[in-house]
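Sequence lines set the chain letters: A, B, ... in the order given, protein chains first and strands last, and positions in each chain run from 1.
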Amino acid sequence: MTDPTPNDGQRELIENTKGLYLVDAGPGTGKTFAITRRYGTIVDQPDVEPEDTLLATFTRSAATEMKERIVDHSTYGLRELADAPIQTFHSHCHDILREHGYAAPTHLGLDERITDSTRLIDDELIEAELFREFFGGFRDDHPEYADFYRVLSSPGELLDLIRELASKGVFPTTEGWYRDGESHLDGDFEAFKERFDAVNEPRNDGRKQSVLRDDLSRFGRNKTYLSDAPSKSELRGGRGTKQLGDDVAADVFHEDREDLKSFVHDVYIEYLRFALCRNYLNFGFLQLFAFVLLCEDRRVRRLAQFEYVMVDEFQDTSEIQFKLALLLSGTDNFCAVGDWKQSIYSFQYADVRNILDFEDRLAQFSTDLNGDAERVAFDASDLTRIELRENYRSTESIIDLSERAIVTPATGGEEVDASLDDVVELSSNAAFDNTAVEEITHEDEHEAVLSTIQEIVGNDDYAVEGDGGDPRPPEYRDIAVFTRTRDYGRELLEVADEYDFPMAYDGGIELFRTDPAKLLLAWLRILDSDADRGWAVVLERIGYTYDEIEHILETDAYPSDPAAFRDELRGSESIGAVARRVLDRYGYTDDRADVLLHTIQSVYDSTTLTRGELIRFIERGIENGTIVDVRASAGDDSVTVQTIHTAKGLEYPIVILANMNDGSFPPRSSGSSVIQYQDPVGLRQRKIYSEERPSPHVYDNWRSDVLRRCLPREYDEERRLLYVAVTRAENHVVFAAGAEPNTFFEELPADDKAIDPSVEPLDREEFTDAELPFTVTTPQGPISQTPHTLMDETVFEEIDARMEATLETEPETRGVDFGSRVHEFAEAYVLDEEVTPSNPHERRIVDFVDDLPGELYVEEPVTLPIEIDGHRVTISGIVDLVHVTADQVDIIDYKTDGTRHAQSEYRKQLSVYYHVISEWFVGKDVTASLFYTTDGTREQVTPLTSEELRSLVQTGVEM
DNA sequence: ACCCTTCCGATTTTT
DNA sequence: TCGGAAGGGT
C-alpha cells in the first residue's frame, strides 16, 4: 500500500530528528511508515540506543505493530527491541513505578507505599465494587458530609469524578491540593466569560434577544430553587431587554464551593489511601503517581528522561499524558504525531485541545511545570509543523466527502466551529476514481442494507482496486458496515442470520452481566445440584420475599411450578435445549438472548466442557464482566460489522455507514451526575440538600442551571466520528437510514438510491465458513478475588433485620407485594397491548379486567412494610406495597421523584391494583396513594372507576 | 406565570 | 425507570 520511497512530508519527518515537531497526519497518509522509519533513523545513530528513545502509543497492539515494522527496517532485531520503551503511557508509568515508585505516595503526604505486590486493577467493574466498599466506610467515618450523600445518586458518580480529575492532573495531598490543582477546581472566570459573552450577544443587529436570554425564558421551569435564587425577571431583565447583564456572569460563576471542595478532596485522598492499603492502583492512579514522582524527585526524573520522545495518536492523549510526555523529555527532541479530526475518545479523557492548541498548551504546561524548579526545556516558538498530504488509501471523491463531513452541521441550526482552513488538504494516490457515494432510506433499514450489499457484490459499477491496481468486481469481504452503537450492529447481524447472510460482527459484547445470563446460570446450578444460589435467584425473580425464600431453602420444599420446570429441563438432551427453554420461560427472545444462546452452544460444542465447567465459565464471565470478543475470521468471505470506534485505523474498499438516524449521533451532554467537574467552570454541584424548609429537601442549584446553558451542546466529536467512518473507505461509501434520517444524512452530498428491499436468502452450503458467524474466546487469566453474589446479600440482611424489628413493635401489620413483571403486565393489558399471561398472577389480572367487576382471589404472599428512619424506603423489586390493618388497606406506589410530574400515568397503574385489592379485601376501607420517598410526603390518588378502566381497555386511548 | 401532560433518550472502548 | 425538555391550557 504505502510506497516504500517516502514522499516529501514523510521524508521531512524521517530526516529531522532534532527539535520540536508537530505532525498533522491525516487518514491513510502513511503515518506508521514514517514514524517507524524515523525511529530507525534515530536509533541508527552511533551514539543512540533504543533505550534513549520513547515511542508512546495509544494501544498495546499499536506498540506491537510499531515494533514489528521497525524491525523490518532497522539494524535491530525483535529481541533487541523487546524491552525498548515502545509502549503505552500506562505501561510505561507502570514500569517507572515498579522501578522507582516505592515512596511516590509520600509526595502527596501519604505514608503508604507502592511495592512489587501492588496490583493494577484493569477491570472497571471490580474497581467499582472496591470503591463501593470504600465509600461505605467513608460514609460511616464522615457524618459531616451527610448533605452530600443525600443528593448523590450512586457512589460511582464520585469514582468517575476522581478518574476525571486524575486525568486532568488535579490531585489531592493530605494537606490540600497538589500544585495548582485547586485553581482547576475553582475554574477560570475569564475563559467562562468569553463563552458567556458569545451566547449573550443579541442577534439580528440587536433587534432579537441573545440565545442565552431566550434559552432562559424557561428558567426555573420544572425546578425548585432555594430562596436565594433570583426571579426569572431579575435574572433576565425586564420586557424588551435583549441580553443578560454583565454582572450575571460573575454572579453565576462565583459561588461558595468550599464545602464541596473539601468533600471531594477528602473522598479523593481517602480513596487513594484505601487503594494503596489494599495494594492496588487503577489506570488513572498509575499516571498520577508517575507524574508526582517525576515532578518531585529530580534524581528519578533524570534517570527516566529520554533523549528523544515521539508520541503517536496525539489527539487521543489526555492532559496528564501531555504533561507526562514533557516531563519524560530530557531534551527538546519532541515529536507529536496525530490528526485532530480523528479524536474520538473523549470519554476516555482524550483532550482534543492537546493537538488543536498544541503551541499554547506546550507553553502553558512548560511554564506550570517549571514554576518552582527547572524541569523541562521547551521553547514553543521553535515548533516545526509537518503535514503529511498524500493519501494512499482513498479516492479523491472520498477525500472530498470526508472534508464535507467534518464541517457538516448535526442539527438544523448548528453553527460549526471548525472550518476547512484547519483541515490539511490531502491528495489521492488512487489508481482510478470511480467512486459511488450513495444514500438509501427505508423503513426496513436492516433489509435495505442487506439488499444493497447483494446489489454491490459482483457488480462492476462498484469496482474496487485489485492487486495490480486494476479494477475488479467487489466481494463480500470488501464491505464493512459501520454503526454508532453495538446494539445496532447486533440487530443487523440478527436479521442477516435469518437469511444466512455472510456477515460477521467484529468487536466486544459484555454478554454475561445480563439478566438472561444470570437466570440461565441459576437454572444450571439448580439442575446441577438444586443449589441454593440457583433457587434463591429463581424464587426472587418470581416475587418471593427474602424470608419466604429462606424458609423454602431450609425445607427444600420448592414451589410446584418451578420444580416441575426443573424436571422438564432434566429431560432436555443438550445444554442448548436447556438454555433455549430457560430463555423462553422468561420471554427473552431478543438478540442479546440469541447471542447468549449461540455462545453457550458453541462453547459447549467446540470444547469438552461439562455442565459444571460451563457453570464456572459463566460465573467467570459474570465476575470479570467479561467482554465476549466476537471476531470475524480472516479467511471468510463475509461482510464485517463493527462500531466506528472499533474501525479506527482499519480500511475497507467499501463502507456502508448505517443507522444514520435521528438520535444515533447524540450531542455531548453535560453529564447527569450531581457533582461534576467541567472546564472552564470547575467543580460544581447540581443538586443541593437542605432541611431549611419543610419540603422538598432537594433543591436545584440555579447557578448550575444557568452555567450549563452558557456551554453549548457540542457535536464536534460526532462529526469527527463521521470523518473517521468515511475515511476508512477506499472506493465507495453508502449512507443508510431508516424512517428518520438525521441531519448528517440530509446534508451530506450523496446520490439518492431508491431501494425496494428484498434479500435473497443465500444457500448456506456456499458459505460454510460463515455458518457460525463468530467464534468465542474463552476468558483467560486469574479469577477475580471479589466474592460474587447474584443477590446483594447486605440488602437482604438489612431487610430481614428491619422486618424482625417491625414485627415486634407492630404485630398487626401485614402487606402484600407484587413483582414488577406483574405490574408491567397489568398495565400493558389494560392498555390493550398484546400480552399473554405466563404466570398465575398475570392470569388473575386478565380474568379480573375481562370480567369487571367480577370476583378475584389472589394467593397471599405476605411481607411487611419497611421503614428506615421514619421514612418508607424504595427497595428494588418492590414497587407497590399494600399495607393492611384490621379495617384498612393502603395501596402505596413509591416514587423517588418528589417535586414534579403528573399523577396521570401513576393513576392508571395504581387503579389496576386498587380494583384487584378492593375485590380481595371486601369490607375493608381501601385507599390508593403515592408515597414520595424524597421528602416523605404522601398523596392520595383517586383511582379510575371500573367503567373508566373498561373504556381504557376498549378504546386504547388515554383518558 | 403556573400547572399538567407527553415525549424522548438512555454511547462509544482502551489502558 | 427517570430526568430533561417542551407543548398546551388557563
Side-chain angles (χ1 to χ4, degrees), chain A residues 56-63 87-94 120-124 127 153 163 166-167 215 217-223 231-233 281-287 290 313 316-318 320-321 343-350 482-489 507-510 625 627 629 642-649 659 661-674 686-687 698 700 705 708-709 713 717-718 720-721 724-725 740 820 823-824 827 874 876-877 879 893-909 934 958-959:
Chain A
T57 63
F58 188 54
T59 64
R60 275 194 276 244
S61 62
Q87 55 189 156
T88 64
F89 275 105
H90 290 99
S91 69
H92 188 64
C93 289
H94 207 177
L120 170 68
I121 300 280
D122 58 0
D123 184 331
E124 292 203 357
E127 198 201 352
S153 48
R163 287 203 187 114
S167 80
D215 215 12
S217 65
R218 292 170 182 273
F219 175 77
R221 149 173 286 219
N222 300 336
K223 302 273 182 183
S231 73
K232 198 167 87 183
S233 55
L281 293 175
N282 63 22
F283 287 112
F285 292 170
L286 226 47
Q287 295 181 152
E313 305 280 14
D316 290 330
T317 52
S318 62
I320 189 73
Q321 285 169 339
S343 174
I344 56 174
Y345 283 101
S346 69
F347 61 86
Q348 208 201 303
Y349 309 116
F482 295 157
T483 90
R484 181 74 179 77
T485 58
R486 291 172 179 161
D487 277 352
Y488 182 91
I509 303 177
E510 194 184 70
I627 305 261
D629 247 345
Q642 53 197 174
T643 63
I644 301 171
H645 284 91
T646 321
K648 197 181 175 206
N659 195 14
N661 294 305
D662 209 28
S664 63
F665 283 71
R668 207 142 99 70
S669 64
S670 45
S672 60
S673 42
V674 172
R686 289 181 58 176
K687 304 249 182 214
V698 177
D700 296 286
D705 281 353
R708 200 154 37 93
R709 284 167 211 279
R713 284 168 165 242
E717 187 156 328
E718 301 305 310
R720 299 196 291 262
L721 216 48
V724 168
E740 289 176 271
S820 54
H823 185 284
E824 275 168 30
E827 193 188 355
T874 310
S876 174
V879 203
D893 199 19
Y894 290 111
K895 296 293 165 205
T896 52
D897 182 346
T899 48
R900 336 181 324 266
H901 263 305
Q903 294 179 8
S904 62
E905 304 163 62
Y906 306 148
R907 229 182 125 206
K908 288 175 205 159
Q909 295 174 4
T934 39
E958 56 280 37
M959 301 175 299

Excluding sequence neighbours, so at least two apart, what forms salt bridge (Lys or Arg N to Asp or Glu O under 4.0 Å) with D122(A)?
none
If the cut-off is 4.0 Å, is T646(A) near the phosphate of dT13(B), judged by side-chain N/O to OP1 or OP2?
yes
Of dT12(B), dT15(B), dG4(C), the nucleotide closest to the side chain of R60(A) is dT15(B)
Run the side-chain hydrogen bond (donor to acceptor under 3.5 Å, both in side chains) test against T57(A) and tell me which residues pass, sequence neighbours left out.
none
CZ of F283(A) versus P of dT15(B): gap in Å, rounded?
8 Å
Answer yes or no: does a side-chain N or O of R486(A) lie under 4.0 Å from OP1 or OP2 of dT13(B)?
yes
With 3.5 Å as the limit, what N/O pairs link the protein to nucleotides 7-10 of chain C?
{"unit_1": "dG7(C)", "atom_1": "N7", "unit_2": "R221(A)", "atom_2": "NH1", "d": "3.1"}
{"unit_1": "dG7(C)", "atom_1": "O6", "unit_2": "R221(A)", "atom_2": "NH1", "d": "3.0"}
{"unit_1": "dG8(C)", "atom_1": "O6", "unit_2": "R221(A)", "atom_2": "NH2", "d": "3.0"}

What distance, rounded to whole Å, do you find between the two C1' atoms, one in dC2(C) and one in dT12(B)?
22 Å
Round to a whole Å and report the spacing from CZ of F347(A) to P of dT12(B).
9 Å
Which residues satisfy the salt bridge (Lys or Arg N to Asp or Glu O under 4.0 Å) test with K687(A), sequence neighbours excluded?
D700(A)
Who are the side-chain contact (heavy atoms from CB on, under 4.5 Å) partners of T59(A), not counting sequence neighbours?
S61(A), A62(A)
Under-4.0 Å side-chain N/O to phosphate OP1/OP2 contact, R163(A) with dT15(B)
no
Restricting to side-chain hydrogen bond (donor to acceptor under 3.5 Å, both in side chains), what partner residues turn up for Y488(A), sequence neighbours left out?
E445(A)
When you measure from the side-chain N and O atoms of S91(A) to the phosphate of dT15(B), is any distance below 4.0 Å, counting only OP1 and OP2?
no
